[in-house]
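Below is one structure, written out as structure tokens; the observations come after it.
Owing to the predicted nature of the structure, the values given are computational and were not obtained by experimental measurement.
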Amino acid sequence: MSTIDLGLAKDLTNSRYALTLSNHKRLILFRLPQIGQSEIPTGLSSHDWVYYAMEAECPHAGGPMADAQIDIEDSSYVASCPWHAYDFNLDTGESSYGVKACTYPVRLRDGRVLLQLADAERVRISTIQAVSEKVKFKHGPKQNPTGPPTYLGDDATLCDWCVHVLNTSDPEHKIELTTHLFSLFATREQSSTPMELGAGTVVAPEEPTRHDLRQVKPGQMPKAGKGGSLKSRIAMLHALANIEQWAIDLAIDICVRFATFQTTATTGSVSQNLPRTFYYDWLKVANDEAKHFSLLRARLEELGSSFGALPVHHGLWESATMTAHDLRARISVIALVHEARGLDINPLTIEKFRAAGDLDSVDVMTIIHNDEITHVTTGHRWLTWICQQEGTDPVHVFRTNVQRHFRGAVKGPFNADARQQAGMDGRYYENLTGLPGGKGEIIAGG
């Protein structure tokens, strides 16, 4: 038995934390009010809180339990996986679906939070990171002068909503509509009236509209520098915010553009439509990207700048255009090249901000990095699903699509650990070159 000190209870103020232990085990720590306390507790002392720890990935399909929905059932807390809504009792790990998650006892002693790990000795805490669920909307004197966004009616289909978000140029409206769409779709999935998909009834725009931005070619973007100055850090955050706004649209676009996609039938199997969980997963990605954009936009304002103050490029959408004909190509290039590159670059960027003493930006970038591992996982999972239906090898399908639809080489250095967490081992990306004509670095993100 190892007893692992997670720190003082008074210092753990978030509702959930991502833990990495010295034996490489990854857990989620939940901090929840004692059942019976008010729904929005204020002023509670340490003994009014209860702590639970469970494995970080859902045992069903690897979904991120850091994003779990927490409910109370039969006087117990239950965490539901964001991917397929598998529910797990946080005391026992048991699920109504017949699978069981690993849970770990957590105790309070002398004001400290202690995790108990059976059958393991001398295990320590390696990292503990707060998990953010917060989307930062503008408010007060910064309220949007164009007024509130337009919401569609109850009979609107998923594809109607997706086209509406893609055609929304105001970034604040895009944030609100994206988060609303994910919440609406997820809520109706649990009801007797799930949202109609509307596959094939509307057409996605060739390119989403943008609001009052100066566009330049990717190679003409001003150099951001190394983060040592305020000007440099603002340039880096602005470039990241631009990528995250495109990432919202990319995740929304994949839902509507490929809504009529069917797998290729093989001997002994018929073609398959995409399951509804496909749309849930990508709307969840879009919701995360909206959160990321909101955090970066807010951070720019805290540093005295604003989104749109610097030029932007549309490089990510150029890759989307090149892969608009095929879902396999879209996932391969956007999720498993561009977004996977973010896994390589983000830790380096975080260290630049840390070296400059900009810890608020470090917090924002850490949230983004942890979420983006799950986004690459989403891409890997759905490419693998398609290949399973079609009897093909996902590594071969990925590499072939990169060679046909991506310009340049897939260059390192690679964050092999983060890529492995997302399901991508070296067979995917080592010694891989796409079409000739690629210039500079891979755009990280998407």
Side-chain angles (χ1 to χ4, degrees), residues 20 24 26 126-127 217-219 221 223-228 232 235-237 239-240 242-244 246-247 250 285 289 292 313 315-316 318-320 322-323 328-355 362 365-381 383-384 393-446:
T20 303
H24 306 296
R26 298 172 64 241
S126 292
T127 62
K217 295 292 185 181
M221 286 287 292
K223 299 298 182 182
K226 298 182 179 181
S232 174
M236 293 167 69
L237 292 168
L240 290 167
N242 175 56
I243 288 170
E244 296 295 343
W246 281 114
L250 287 165
V285 171
E289 308 293 17
H292 299 169
H313 67 79
L316 270 180
E318 292 175 10
S319 287
M322 291 184 68
T323 58
R328 304 166 196 83
R330 171 63 66 86
I331 293 174
S332 296
V333 172
I334 295 297
L336 303 185
V337 173
H338 286 293
E339 185 128 30
R341 187 57 177 159
L343 306 187
D344 307 328
I345 297 299
N346 288 339
L348 304 176
T349 304
I350 289 170
E351 288 310 309
K352 290 179 181 179
F353 285 116
R354 194 186 306 279
V362 168
M365 284 302 303
T366 300
I367 292 167
I368 292 173
H369 179 66
N370 291 336
D371 284 347
E372 287 186 348
I373 294 175
T374 71
H375 299 174
V376 180
T377 304
T378 298
H380 178 267
R381 181 173 62 261
L383 182 64
T384 301
D393 174 28
V395 174
H396 175 73
V397 171
F398 165 73
R399 293 180 72 93
T400 299
N401 276 295
V402 172
Q403 290 162 357
R404 292 176 179 172
H405 306 296
F406 177 76
R407 295 193 183 281
V410 178
K411 299 179 180 179
F414 300 112
N415 185 342
D417 289 343
R419 285 173 175 255
Q420 185 66 55
Q421 287 181 43
M424 296 181 69
D425 59 38
R427 294 175 302 152
Y428 281 87
Y429 52 83
E430 290 173 354
N431 303 314
L432 179 58
T433 301
L435 297 168
K439 298 179 181 178
E441 293 292 323
I442 300 172
I443 299 169

Side-chain donor-acceptor pairs of residues 394-403 under 3.5 Å, sequence neighbours excluded:
| from | atom 1 | to | atom 2 | distance (Å) |
| --- | --- | --- | --- | --- |
| R399 | NH1 | R427 | O | 3.0 |
| R399 | NH1 | Y428 | O | 3.2 |
| R399 | NH1 | E430 | O | 3.0 |
| R399 | NH2 | E430 | O | 3.1 |
| R399 | NH2 | N431 | O | 3.0 |
| T400 | OG1 | H396 | O | 2.8 |
| N401 | ND2 | V397 | O | 2.9 |

- Looking only at heavy atoms, the pair that brings A335 and G379 closest together is CB-CA, 3.9 Å
- Query: Just by distance, with hydrogens left out, do S332 and H405 show a side-chain donor and acceptor under 3.5 Å apart?
  - Reply: no
- Task: Could you go through the side-chain contact (heavy atoms from CB on, under 4.5 Å) check for M365 and L240 one step at a time?
- Result: CA-CA 10 Å; M365 284 302 303; L240 290 167; 3.5 Å; yes
- Expected output: side-chain T374 to main-chain N370 donor-acceptor under 3.5 Å: no
- Query: By salt bridge (charged side-chain N to carboxylate O under 4.0 Å, His left out), which residues pair with R354, not counting sequence neighbours?
  - Reply: E351
- Item | From E372 atom CD to I345 atom CD1, the distance as rounded to the nearest 0.5 Å | 11.5 Å
- Query: In terms of the angle between their ring planes, are Y429 and F414 parallel, tilted or perpendicular, with boundaries placed at 30° and 60°?
  - Reply: tilted
- First locate atom OG1 of T377, then atom CE of M424, and finally report the distance between them rounded to the nearest 0.5 Å. 10.5 Å
- Query: Distance-only, no hydrogens or angles: does the R341 side chain make a donor-acceptor pair with backbone N or O of K411 under 3.5 Å?
  - Reply: yes
- Message: Would you say that H338 contacts F406 through its side chain, given a criterion of any heavy-atom pair below 4.5 Å between the two side chains?
- Response: yes
- Note on the structure: All heavy atoms of P347 vs all of G342, minimum pair found to be CD-O, 4.4 Å
- Message: If I take atom NE2 from residue H380 and atom CD1 from residue I331, how far apart are they, to the nearest 0.5 angstrom?
- Response: 11.0 Å
- Query: Are D417 and N415 close enough that some pair of their side-chain heavy atoms sits under 4.5 Å apart?
  - Reply: yes
- Item | Reported CG-to-CD distance for the pair L343 and Q421, which is rounded to 0.5 angstrom | 9.0 Å
- Item | Approximate separation, where rounding is to 0.5 Å, of D344 CG and H369 NE2 | 9.0 Å
- Message: Within this structure, what is the CG-CD distance for the pair L237 and E244, rounded to the nearest 0.5 Å?
- Response: 11.0 Å
- L250 to A320 - nearest heavy-atom pair and separation: CD2-CB, 3.5 Å
- Query: Among all residues two or more places apart in sequence or in another chain, which pass the salt bridge (charged side-chain N to carboxylate O under 4.0 Å, His left out) test with R328?
  - Reply: D326, E390
- Query: Hey, does M322 have a side-chain heavy atom less than 4.5 Å from the side chain of L435?
  - Reply: yes
- Message: Would M236 and T349 count as a side-chain contact (heavy atoms from CB on, under 4.5 Å) here? Give the steps.
- Response: CA-CA 9 Å; M236 293 167 69; T349 304; 3.7 Å; yes
- Can you check whether L336 reaches V376 side chain to side chain, under 4.5 Å on heavy atoms? yes
- Query: For E289 and W246, what are the C-alpha separation, side-chain angles and deciding distance, and is it a side-chain contact (heavy atoms from CB on, under 4.5 Å)?
  - Reply: CA-CA 9 Å; E289 308 293 17; W246 281 114; over 6 Å; no
